[in-house]
Structure formats: structure tokens, C-alpha cells
Amino acid sequence: MSERSVVISGLGVVTPAGVGIEDLFAGLLEGRRSLQAIDAFDARTFPCRVAGQLNDFSARRHVPKNYRKAVKVMARDIEIAVAAADLAVRDSGIVTEGLNGQAPSIEPGRLGCNIGAGLICADLDELGLAINTAVTDGRFDMRLWGREGMNNLTPLWLLKYLPNMLACHVTIIHGAKGPSNTITCGEASGLLAAGEATRTIARGACDAAIAGGAESKLNPMGLLRQGLLGRLSVSSNDDPPSACRPFDADHAGTVVGEGGGLAILEDRERAERRGARIYAEVAGFGAACDPGGLDYLNCGAGGVDGAAAAALRDAGIEPDQVDLVMACGTGVPGEDVAEAEALRRVLGDRAAEAPTVSLAGCFGDLFAGASAVSLAVGAMALLKQTVPPTVNFRTPDDRCGLNVPADASEAPLTYVLCTGFARGGQSGAVVLKRYTP
Amino acid sequence: MRRRVVITGMGCVTPLGHDVETVWRALLKGRSGLAPITVFDASTFPSTFAAEVKDYALPPELASSGRHDHAGRHTRFALGAALQAWRASGLADAEGFDPARTGIYLGSGEGSLDFGNFTSLLVDAWADGKLDTARWGELAAERMDVHRETEQEANMVVAHLAGEFGLRGPAFNDLTACAASTQAIGEASMLIRHGDAEAMMTGGAHSMIHPYGVTGFNRLTALSTRNDEMETASRPFDMTRDGFVLGEGSSILILEEHEFARRRGATMLAEIIGYGSSADAFRITDQDPAGEGAAAGMVAALTDAGVGPETIDYISAHGTSTPQNDSVETRAIKAVFGERAGQVPVSSIKGAMGHLIAAAGATELITCVLALRDGVIPPTANYRVADPECDLDYVPNAPREIDLDIVMSNSFGFGGQNDTLIVRRI
């Protein structure tokens, strides 16, 4: 039974450096630097006070009128996913139920959805307001909470924070009734979700899927947790745009970003039949893990060499055929070095030649959204035959031994390798191929 | 020819026992795992009871390494279940075992919050009706612990299992609410079928028996509040059902490619022949009342298995004991099975052990495999009063001996996630 070929026929990204793939890619080419001092909340006592923020962002204009009241039960992560899905679907030219007033051009049961997500943090003001109604003598009182306090939470409170609610709202808005999943493996999530969705289409369980990831850790809990892990850059609070410097000799940590990306993956024949604009072909997928990831206080790269090797095998190509690597490149020195070592293990000499790009320098670590946005940018790079730069890269770190471009350049690109890995040890890789009719 | 997937090892830690055979005997004997909540003071909550895992400790051979000292409650359950499954499979000692060709795909939940510190911070940094985040940041840096925080991440159970068993193949965690581990087993099967791995460790783990979990479900009015009849409060398909009962635990299975398992002489417990996934795309709060989404998942699994509904000998239902789920599931089964629906035995083990949330589906699949092995269907506990909306054969209150060849297991999650697996006797 031969498998079907899968292509990317739509992209939607929501990032601090641009909303919509054209805007983001243009921003990347001009070297847009989107890290800033945090003003989403008072972070003055946090060691790292820099982030990639989505300013003036709301999902409202991306939600059909008849569903707009649901925005109030959407956590930030959900809003990002809903907006990215709206952009991706419109970009693809597929008509779904989410596009008002038109008959869907895809059977609902043949449209899948697979979105990477993280732990969603409760809104601390909302929860705090309820918790503080159950305080006796200055301390939280569980019995008072059970009797009265909890009634101050909206009945739907829990549903704002289930990780699968990104996919649920997206499937409801677009009437996507096909296979649906939510992957929760940190920065690997977007690629694992896209890879799985590709397989689902390839085996014929659906014809198209909305796939990728989204997350926002731009809240006190997210900032605290990444700080406790020692992953954050704490020496650039006076120069926010330069705080994250992936693969640079002077890398000093990553920065929390918020954002996400969703792609429309589609059976190639279907996309061609309807005359879709095709960004790229999904040529290979692989996943792996590093048992050492359990030592999460130490840096690792999640066995990303294993994932990349599997993706190259799946695509049937050799390392020498890789023209561009869209890496995770978090800017955490130990992670950058571990990732570079992994890339050298799998690509050999090619690792020092093929341009390796990280987007984290531009807008920070988007976690479950990170590798999904990398995938989108990788697809755009193929379409435009242009290598985007790694923002904030100046001086190579000798321990990395990679070819990291500081500036954009035009180049003939056929294969792009996209990689992502998570603290905890999971990794995913996708090989994209330039589309030729 | 398509690669076939077989189950070669199983393990579980549940409210009815800490190993597969104990749990199975308890289910057949009609024992109840429901009791007052002991992990926190729930005495004033609308629901004061749950199905807790009782008197469980990490097996000494896992505890001694020190690698799991900080593991969360659900991770500890998963480690115990995984060790049982791993040993039962004999995979580690098998010729041809390759850690890089052995992956992990779990549907495990998030870890519990560091409740005491998290909540006290919301009180101590509260000023003028809102959180003083600067003050919170100072206090949190003093009080919060990196392990307690990191172990909550939803990829941590996978990390512990990979670290313990040295696995390097494809690793995923999905979290589709109450359907998560059924989906994980289905997707793990797809990875083996496609050739990404020869073997997969799969299943789920979860505990939401903590103050915010019970609060969240109580606010949704999803939980049974029969505090005065707690032992029989979980009543799938019964007219008087009033909500589900929170359970916790973990079930882990080892899957292998059939030929690989045959060559190494593994004991094959059952074959996974079908998997289907669908979304209701209806509402975040309710299931599609017509059960179309649930039916679509079942039909997808049948199509994948290449068998018709007439071949299904038993359906392990999601059967949560909520008024909505059980009638919707009944409607969906009727839509798929037509006139024959009334002749197919359907049961839910949630009457006896509550709802293990992300871990429920894997636990139910294990009971399906045991049902195939022993030719006996576990009963739906606490079924007394017939509901005209639920008019199928629910195998009430007593196990039923019957020859089984092919069985189906359903899981449905909040937000309209539907997943179905079909397994066949070897």
C-alpha cells in the first residue's frame, strides 16, 4: 500500500516579530529584533525581565462572530492557536465552517487537527481573586474554599486550561471533525504534531490537517519556572533586543517568547487539483528521545540527532543534500552546544557548511510554538529560495562549529531540515522539500 | 503487507490494585475502589470522595537509583506499571532488542501543582484586589522548587520512563483529556506499523485528585456528589447516575511488531487491529448530543481494522456515569451497530474504579485483553435502574463468561475528542 505525498498549502503564524507568514518573513529578512522589556506584568523582581511579547494581540478578529463570546474562556495559548489557524486556513484557500457564509470546500470528517501545546498557566489574578475569599487569619483555608470559595470561580474555569483546548476551539471554529490530537513535548511539540498529521494524511485517514503548535509562557509562573531551570538570559536586562544570542560565542540563555504557528498540511493530489499555492512538500519525519533528558537540570538536545537521522532516512536523502537547517537554537549555551554536537553527528561535514538558523534570537523561545514557526519559516525559505538570518548572531562559538548566517541571502534550496527538542529529552525532525509541480 | 502490532506486556497501578491480576480479580469480584479523599481535606467540597490509589510505594528497585526521587505522584504510578509491563514482555533480554528502535508514546497528564506554595503565594502577594507580581516574584524565588515545578510538565512521565529503561526511539506525549491514553496506544501502533519503531512502551498516567482538580470538575458539575453513597456513586448507564468519580493511576503496555515478536518467541497477548480518532467540533462543554463524533471514531477504527461491526463481540465503553456521556455513547453505538446494537455486550469498568482521566483508556484496553484471554466480560458495577435513553446490554453487576474474538474500546475526552481501539485475540 503506497503512501500519499503531503504538502504544505497554507501557513499561519503569530509571533512577536510578525503576524502572518509574509509579515514575519519580511521582518526576519530585515533583521527585525523583537525582544523587549516585559510590560505584560510587573516583572521587576525577576532575574530575567526580557521577553518576546505579542503586543496588542487578541484573537477576537480571528474568531467568527457567532463564536466570539467563547474568547473569554480562551487562555492566551488558545487565542494564539485560534488566530494562527484562521490565518493558515485563509492562506490555504480551503473554505471551512470558520469562514462565514461560504459552503465548506472540504468534508468536515476529512479535515484533521494536531496541535502542540504546553501546560497552560491559570490566570493568577482570576484564581487569586477566588482564593482570597477563602482566607482565615491570613492563611488559605481549605474547608472555607470547599464550602464557599470555589464558587467564585467561573464554572468553566478548568476548560480554559486543558492543553487540548487549543485544538478543540480550532476544530469547533473550522468544523474539523477528522483525527485530532494534542502533543505536549515542549519545543519538539510542533514538529511531532506536524509529523504525526503528515502520517495521518499519508495513510488516508484524512485529506488535510491543521497542524503545528502554540504556547505562551509569558506569565509569572512561566518566567519563574524557566528561571529555576537556569535557562534564561539574565545579563541583558538593559539591552533587551540582544538578550538571546543563539549559537553566538556570547550566548547567555534564552528568553521567554509567546507565539505559534499552524500549517495546512494537505494530500498533494488534492492540493494540486484545486490549484493551491504549495509552499513545500513534507518529505520526511522522525522522532527520538534521549534517556539522559531525565536529568533535566543539565542541558541536552533530546536525541535530536536520532530524530534528524530518521527524518533524512524517511525522506530518502543524504546529509549532503540538506541545504538549510531550521534549528531549535534556544540560546542556552549548553543546549546550543549539545544541539550543534547532535547536528554534527548526523550531518557530518555538512553541519559546518549548510546554513543553520535559529529564530529564538528574534523573538525568544516559543516552546510548543517554537518548532512549528520554524517549520513555517523553513517552508517559506523554500518558496522564496532565501535563507533567513539568525538574529543577534555575531561571533561563532567554536564549540558549535556550525555555519550560522547573520544576514539573509538568496540561495538555491531543495531540502530544509527542521529540528526541535525539549527539556526532558524528546525531539522531532521534519525534512521539507522544494515543491516542483 | 501492512505490519501488524501485538501486545506483549502489560502493567497497571490503579485504585483496585497495583498489578494486572489483582485489578482483574477485583473487577470480576465487583469490588469498589471508591472511598473518601485522603490526599487533602475535601470534607467540605461538593464531592468528598474519589478512587485513590492506596498504599502504593515505588518498587524498591526503582526507588534505589535516586533517579525518581522528585517524581510526581502520577509518574510514580507509571514507573510501577511500566516495570511490570517491561518485565512481562521480556523485551530487554531479547535478541534483536534495540533501544533506538524502541519508543514511548504516552497519554499522560500534567503533574499536580505544588499546592501549598502556589496557593500561599496567591494570598501573600495579593494587594488591592490583584496580584502584586513583583512581590510574588520575590516570594516565589524563595519558596518554589525547581523539581516540584518541572515535574509538572506533561512530558515528564515520558522522561522518567525513557531514563529508567534507556529507550531512545520516537517519544511523544499526547494530552487529549480523557481520551489521551487510548489515542497514545493508537498512535504508537501507527508508528510501529509505519516502521518508525519495532516496539513501543505506551499507555497513560494521571492524577487529578488534588484541590484544583476536584474544584475544576466540581465547578463543571461533572462529578458525582453522592457523598452518602460513595461506594456505589459511579453508575454508568444507570438512570440515577449523577456524574463521574475521579480516579487516578497508570496503565502501561508494550507493543511490538508482530514478526519481531514472533521471531524472538514473545508471548503475544492480543493484536491491535484498528484505531480511529475524530473530533466532535461541537462545543467545549458538551458532547455532540447525536453522538456523531463518537460514532465517527468507532467507524474509523472499524475501517482501519478492515472489519464490520458484526464482528465486534464486546464494547468496553467510555461509560463515565455522567448523564450526558452515557446516553450519547449509547446513541453512537446504536448508530454504528444498527439493529445489532442490543445484542453486543457493553460494559464500563468506571463503576468499580472511577475515571482515571488520561490513564482511563489504557486501563480499559488492558481489561479488554484480559477479557479476550479469559473469555469473561467485566461487569458494569452499580447498575440498578434502567434508563430509557440507555437501552443496551450493559452486563450489569456480574461478570459474563463468553467466547470473545474481537473487542472494541472507546474513550471520549472533554472538548470532543473521540478515540477507539479494536483488539483481536491471537
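Reminder, nothing fancy here: chain letters follow the sequence lines and each chain counts from 1.
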Self-check item: Engaged part of Ala205(A) at the chain B interface, taking heavy atoms whose separation is under 4.5 Å
Solution: neither
Self-check item: Under 4.5 Å from any heavy atom of chain B - which part of Val73(A)
Solution: side chain
Quiz item: Of all of Gly293(B), Gly137(B), Gly416(B), which one pairs up most often with chain A through heavy atoms under 4.5 Å apart?
Solution: Gly137(B)
Quiz item: If you round to the nearest 0.5 Å, how far is CG of Leu228(A) from OG1 of Thr150(B)?
Solution: 7.0 Å
Self-check item: Interface moiety of Leu223(A) toward chain B, non-hydrogen atoms closer than 4.5 Å
Solution: neither
Practice problem: Under 4.5 Å heavy-atom distance to chain A, tell me which part of Ser278(B) shows up: side chain, backbone, both or neither. | Solution: both
Practice problem: To the nearest 0.5 Å, tell me how far Gln426(A) CD sits from Phe172(B) CZ. | Solution: 10.5 Å
Self-check item: Region of Arg147(A) in contact with chain B, defined by heavy-atom distances below 4.5 Å
Solution: both
Exercise. Please report the closest heavy-atom contact between Cys289(A) and Ala171(B), naming both atoms and the distance.
Key: CB-CB, 3.4 Å
Exercise. Rounded to the nearest 0.5 Å, what's the gap from OH on Tyr296(A) to CE on Met156(B)? Could you check?
Key: 6.5 Å
Quiz prompt | Trace of the side chain to side chain contact (heavy atoms under 4.5 Å, CB included) decision for Glu292(B) with Lys177(A) | solution = CA-CA 10 Å; Glu292(B) 277 178 31; Lys177(A) 298 187 175 184; 4.3 Å; yes
Quiz item: Relative to chain A, which segment of Phe282(B) carries a heavy atom at a distance below 4.5 Å: side chain, backbone, both, or neither?
Solution: backbone
Exercise. Could you tell me which portion of Phe217(B) (side chain, backbone, both or neither) has an atom closer than 4.5 angstrom to a non-hydrogen atom of chain A?
Key: both
Practice problem: Sort Ala296(B) into side chain, backbone, both or neither according to what part of it lies under 4.5 angstrom from a heavy atom of chain A. | Solution: neither
Exercise. For Ser180(A) and Ala279(B), work out which heavy atoms get closest and say how close.
Key: CB-CB, 3.9 Å
Quiz prompt | Side chain / backbone / both / neither for Asp295(A) at chain B, heavy atoms under 4.5 Å | solution = neither
Practice problem: Examine whether an atom of Tyr67(A) lies under 4.5 Å from a heavy atom of chain B, and if so say whether it belongs to the side chain, the backbone or both; otherwise answer neither. | Solution: side chain
Self-check item: Contacting region of Ser120(B) [heavy-atom separation from chain A under 4.5 Å]
Solution: neither
Quiz item: Non-hydrogen atoms of chain B under 4.5 Å away: do they reach the side chain of Arg423(A), the backbone, both or neither?
Solution: backbone
Quiz item: Short question: side chain of Ser277(B), backbone of Pro179(A) - any donor-acceptor pair under 3.5 Å?
Solution: no
Quiz item: About how many Å separate CG of Leu191(B) and CZ of Arg199(A), when rounded to the nearest 0.5 Å?
Solution: 7.0 Å
Quiz item: Contact part of Phe46(A) toward chain B, heavy-atom cut-off under 4.5 Å: side chain, backbone, both or neither?
Solution: side chain
Practice problem: Please flag which part of Leu162(A) lies under 4.5 Å from any non-hydrogen atom of chain B: side chain, backbone, both or neither. | Solution: side chain
Quiz prompt | Between Leu220(B), Thr48(B), Leu121(B), Asp419(B), the one whose heavy-atom pairs under 4.5 Å with chain A are most numerous | solution = Leu220(B)
Quiz item: In terms of heavy-atom proximity below 4.5 Å to chain B, should Leu224(A) be classed as side chain, backbone, both, or neither?
Solution: side chain
Quiz prompt | Atom group of Ala154(B) that falls short of 4.5 Å from chain A, counting heavy atoms | solution = both
Exercise. Specify which of Gln183(B), Glu110(B), Lys130(B), Glu138(B) makes the most heavy-atom pairs with chain A at under 4.5 Å.
Key: Gln183(B)
Quiz item: Under 4.5 Å between any side-chain heavy atoms of Pro291(A) and Glu164(B), yes or no?
Solution: no
Exercise. Say whether, by atom type as modelled, one donor and one acceptor occur between the side chain of Asn132(A) and the main chain of Leu122(B) under 3.5 angstrom.
Key: yes
Quiz prompt | Contacting region of Asp125(A) [heavy-atom separation from chain B under 4.5 Å] | solution = both
Practice problem: Answer yes or no: is there a side-chain heavy-atom contact under 4.5 Å between Ile131(A) and Phe118(B)? | Solution: no
Quiz item: Under a 4.5 Å heavy-atom cutoff, which of Thr200(A), Leu144(A), Leu129(A), Asn114(A) has the most pairs with chain B?
Solution: Leu129(A)
Exercise. Check whether any side-chain heavy atom of Met221(A) lies under 4.5 Å from a side-chain heavy atom of Glu149(B), and answer yes or no.
Key: yes
Quiz item: Would you say the side chains of Thr154(A) and Arg219(B) form a donor-acceptor pair under 3.5 Å?
Solution: no
Quiz item: Which residue out of Ile284(B), Asp196(B), Leu131(B) racks up the most heavy-atom pairs below 4.5 Å with chain A?
Solution: Ile284(B)
Quiz item: What part of Met165(A) lies closer than 4.5 angstrom to a heavy atom of chain B: side chain, backbone, both or neither?
Solution: side chain
Quiz item: Which answer fits Ala177(B), side chain, backbone, both or neither, if we ask what part of it has an atom under 4.5 Å from a heavy atom of chain A?
Solution: both
Quiz item: Can you list every salt bridge (Lys or Arg N to Asp or Glu O under 4.0 Å) pair that touches residues 151-175 of chain A, not counting sequence neighbours?
Solution: Glu126(A)-Lys160(A)
Practice problem: Please lay out, stage by stage, how Leu119(A) and Gln152(B) fare under the test side chain to side chain contact (heavy atoms under 4.5 Å, CB included). | Solution: CA-CA 8 Å; Leu119(A) 273 192; Gln152(B) 294 170 34; 4.0 Å; yes
Quiz prompt | Residue pair Phe140(A), Phe115(B): steps toward the ring-ring contact (aromatic ring centres under 6.0 Å, His included) verdict | solution = CA-CA 11 Å; Phe140(A) 174 72; Phe115(B) 184 83; 5.6 Å; yes
Quiz item: If you measure only the distance, is there a donor-acceptor pair under 3.5 Å linking the side chains of Thr182(A) and Asp174(B)?
Solution: no
Exercise. Below 4.5 Å from any heavy atom of chain A, which atoms of His147(B) appear? Answer side chain, backbone, both or neither.
Key: both
Practice problem: Tell me, for His194(B) versus chain A, whether the close heavy atoms (under 4.5 Å) come from the side chain, the backbone, both or neither. | Solution: side chain
Quiz item: Side chain, backbone, both or neither: which part of Arg67(B) has a non-hydrogen atom closer than 4.5 Å to chain A?
Solution: both
Quiz prompt | Proximity breakdown for Asp288(B) and chain A, heavy-atom pairs closer than 4.5 Å | solution = neither
Quiz item: Does Arg110(A) have any side chain to side chain donor-acceptor pair (under 3.5 Å) partners at least two apart in sequence or in another chain, and if so, which?
Solution: Asp207(A)
Quiz item: What's the spacing between Asn155(B) CG and Ser189(A) OG if we round to 0.5 Å?
Solution: 7.5 Å
Quiz item: Side chains of Trp145(A) and Thr215(B): is there a donor and an acceptor less than 3.5 Å apart?
Solution: yes
Self-check item: Pair Glu187(B), Asn181(A): side-chain N/O donor-acceptor within cut-off below 3.5 Å
Solution: no
Quiz prompt | Toward chain A, the part of Leu161(B) with a non-hydrogen atom under 4.5 Å | solution = neither
Self-check item: Gap separating the CE atom of Met150(A) from the CG atom of Asn218(B), nearest 0.5 angstrom
Solution: 5.0 Å
Quiz item: Ala176(A) and Ala281(B): which non-hydrogen atoms are nearest, and at how many Å?
Solution: O-CB, 3.7 Å
Practice problem: Return the option, out of Pro220(A), Ser427(A), Gly425(A), with the maximum number of heavy-atom pairs under 4.5 Å with chain B. | Solution: Pro220(A)
Exercise. Count the heavy-atom pairs under 4.5 Å between each of Ala125(B), Pro99(B), Gly163(B), Ala179(B) and chain A, then report the option with the highest count.
Key: Gly163(B)
Quiz prompt | Choice from Cys185(A), Cys206(A), Gly118(A) maximising heavy atom contacts with chain B below 4.5 Å | solution = Cys185(A)
